[in-house]
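Sequence positions, counted from 1, serve as the residue numbers for this chain. Please read these numbers as outputs of a predicted model, since none were measured by experiment.
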Amino acid sequence: VHEDWPHWVPDDVRGAYAAQGAARPWRHQVVAADAAHAGDHVFVATGTASGKSLAYIVPIVDHVLRQPKVPGVKAIIVYPMNALANSQRGEHEKFLVNGDGVGREPVTFARYTGQERGEGRDRILANPPDILLTNYKMLDFLLMRPQDQPLWRFNEPDVLQYLVLDELHTYDGAQGADVACLIRRLKERLSIPRGTLCVVGTSATMDNRAAEVGAEGLEDETVDAKETATDRLARFAGTLFEEEITAEAVIAEDRLRGRGSSADPVGVRHCDWGSVVGRTASDRHDHTSCRAQTLAIFHGVCELFRPCVVG
């Protein structure tokens, strides 16, 4: 479901997205962006290619544009793989560079992932970007290595406002412990009090079937049985970021469901597949009907196989 842009989104930002074919954002993008703009913690748990990055990059850009003369790193976006950082750098260039040209950007960003050498690295240290794209290992180096300390010379306690972890589900086990310690060192190094940094996480890997089962009622009255996937994600994120995070911070997608029970939402388990496929073929002239039937079949098959593909 599409929504109108929030009133605070600058016209230049709207125009940049419209030029790329995104004239109106999706509802989950608006809800998440509004929350991040207000400084609230946000965790976007929607499907692959659902536009999760828009939910945090738009409020970050708005924040930077509102204080153009304040130097220093205002947002850090951490990716688990350099390939993701490289891909996102290309996307950011479409919106932050191409409109004004190199050297005249109202919002600056830089990738610092260990791939930079010589002049490229020196340029970043000499002119700290508004938005830093990095990985957790390089961020660790940036906090410790003496030669990298110029990056933080403008960062008073209130300059860094956003910390984003992409693919949040990858930070579990030993790696999760490392990142949790890294976040605490970052706050200590930049003298950021707890509760003043807006933390954002994204993940396409979160199954919320527990919430649906809970709505139908469970015989097991234990706390674990009542805890939904949203609750678990909020608890995990609170530990990782060392912040107070509630389940309301988790933004999920609105799933399109057809007719049927909660256990068989589109009636797919008892469907007369021959008649459905035949009807779909015969109604191809009716685009709306064909599309609705195709979506119903797709979502029904997804429901059948979810227990097999979701761990």
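A 4.5 Å side-chain heavy-atom check between Y136 and L165 finds every atom pair outside the cut-off. For the pair I77/Y162, no side-chain contact is recorded, criterion being any heavy-atom separation below 4.5 Å from C-beta on. Counting heavy atoms from C-beta outward, L132 and L142 have side chains that approach closer than 4.5 Å. Using a 4.5 Å heavy-atom cutoff, the side chains of Y112 and L151 are not in contact. Side-chain contact check for F109 versus L133: some heavy-atom pair is nearer than 4.5 Å. Using a 4.5 Å heavy-atom threshold, the side chains of L190 and V159 count as separate. Side-chain contact between T230 and F43 is absent, with no heavy-atom pair separated by less than 4.5 Å. Side chains of D158 and P193 form no contact here, defined as non-hydrogen atoms less than 4.5 Å apart.
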Item to check | side chain to side chain contact (heavy atoms under 4.5 Å, CB included) between I131 and I60, worked out | outcome: CA-CA 8 Å; I131 305 171; I60 289 174; 3.7 Å; yes
Checklist entry - Between R235 and D231, does a salt bridge (Lys or Arg N to Asp or Glu O under 4.0 Å) hold up when you go through it step by step? => result CA-CA 6 Å; R235 178 163 52 83; D231 296 326; over 6 Å; no
Checklist entry - Under the side chain to side chain contact (heavy atoms under 4.5 Å, CB included) criterion, do W26 and E3 qualify, and how do the steps go? => result CA-CA 6 Å; W26 297 103; E3 297 280 354; over 6 Å; no
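Residues D140 and R185 approach most closely at OD1-NH2, 2.7 Å, considering heavy atoms. R66 and W8 make their closest contact through NH2-O, 3.4 Å (heavy atoms, listed as atom of the first residue, atom of the second, distance). Considering all non-hydrogen atoms of both residues, E243 and L197 come closest at OE2-O, 4.4 Å. Across every non-hydrogen atom of P59 and A36, the tightest pair is CG-CB, 3.7 Å. V73 and P128 get closest at one heavy-atom pair: CG2-CB, 4.2 Å. Considering all non-hydrogen atoms of both residues, A249 and H41 come closest at CB-O, 3.3 Å.
For the atom pair K187 NZ and L160 CG, the distance stands at 10.5 Å (nearest 0.5 Å). Of the inter-residue distances, the one linking M81 atom CE with D166 atom CG reads 8.5 Å to the nearest 0.5 angstrom. L65 CG to Q67 CD: the interatomic distance, rounded to the nearest 0.5 Å, is 10.0 Å. Summarising the geometry, atom CD belonging to Q149 is positioned 7.5 Å from atom CG belonging to L143; distances are rounded to the nearest 0.5 Å. Taking CZ of R121 as the start and CG of D148 as the end, the distance is 7.5 Å to the nearest 0.5 Å. Annotation: the span from K52 atom NZ to L168 atom CG amounts to 11.5 Å, rounded to 0.5 Å.
A chain of hydrophobic side-chain contacts below 4.5 Å, direct or via other Ile, Leu, Val, Met, Phe, Trp or Tyr residues, connects I76 to M144. Placement of L163 and F236 within a single hydrophobic cluster is found when ILVMFWY residues are connected by side-chain heavy-atom separations under 4.5 Å, directly or transitively. Cluster membership for L139 and F141, using ILVMFWY side-chain heavy atoms within less than 4.5 angstrom, is shared. In terms of hydrophobic clustering, with Ile, Leu, Val, Met, Phe, Trp and Tyr side chains grouped at heavy-atom distances under 4.5 Å, V179 and M138 are assigned to a common cluster. With hydrophobic clusters built from ILVMFWY side chains whose heavy atoms lie under 4.5 angstrom apart, V70 does not share a cluster with V64.
When the side-chain hydrogen bond (donor to acceptor under 3.5 Å, both in side chains) test is applied to T46, the partners found at least two apart in sequence or on another chain are S50. For D130, the salt bridge (charged side-chain N to carboxylate O under 4.0 Å, His left out) partners at least two apart in sequence or on another chain are K74. Applying the side chain to side chain contact (heavy atoms under 4.5 Å, CB included) criterion to A180, with sequence neighbours excluded, gives R184, L240.
Remark: side-chain polar atoms of Q161 are not paired, donor with acceptor, to backbone N or O of H63 under 3.5 angstrom. Here the side chain of Q175 pairs a donor or acceptor atom with the backbone of T170 at under 3.5 angstrom. D62 contributes no side-chain N or O that, together with a main-chain N or O of V9, makes up a donor-acceptor pair within less than 3.5 Å.
The neighbour count for E244 CD, taken as heavy atoms of other residues, nucleotides or ligands under 6.0 Å away, does not exceed 12.
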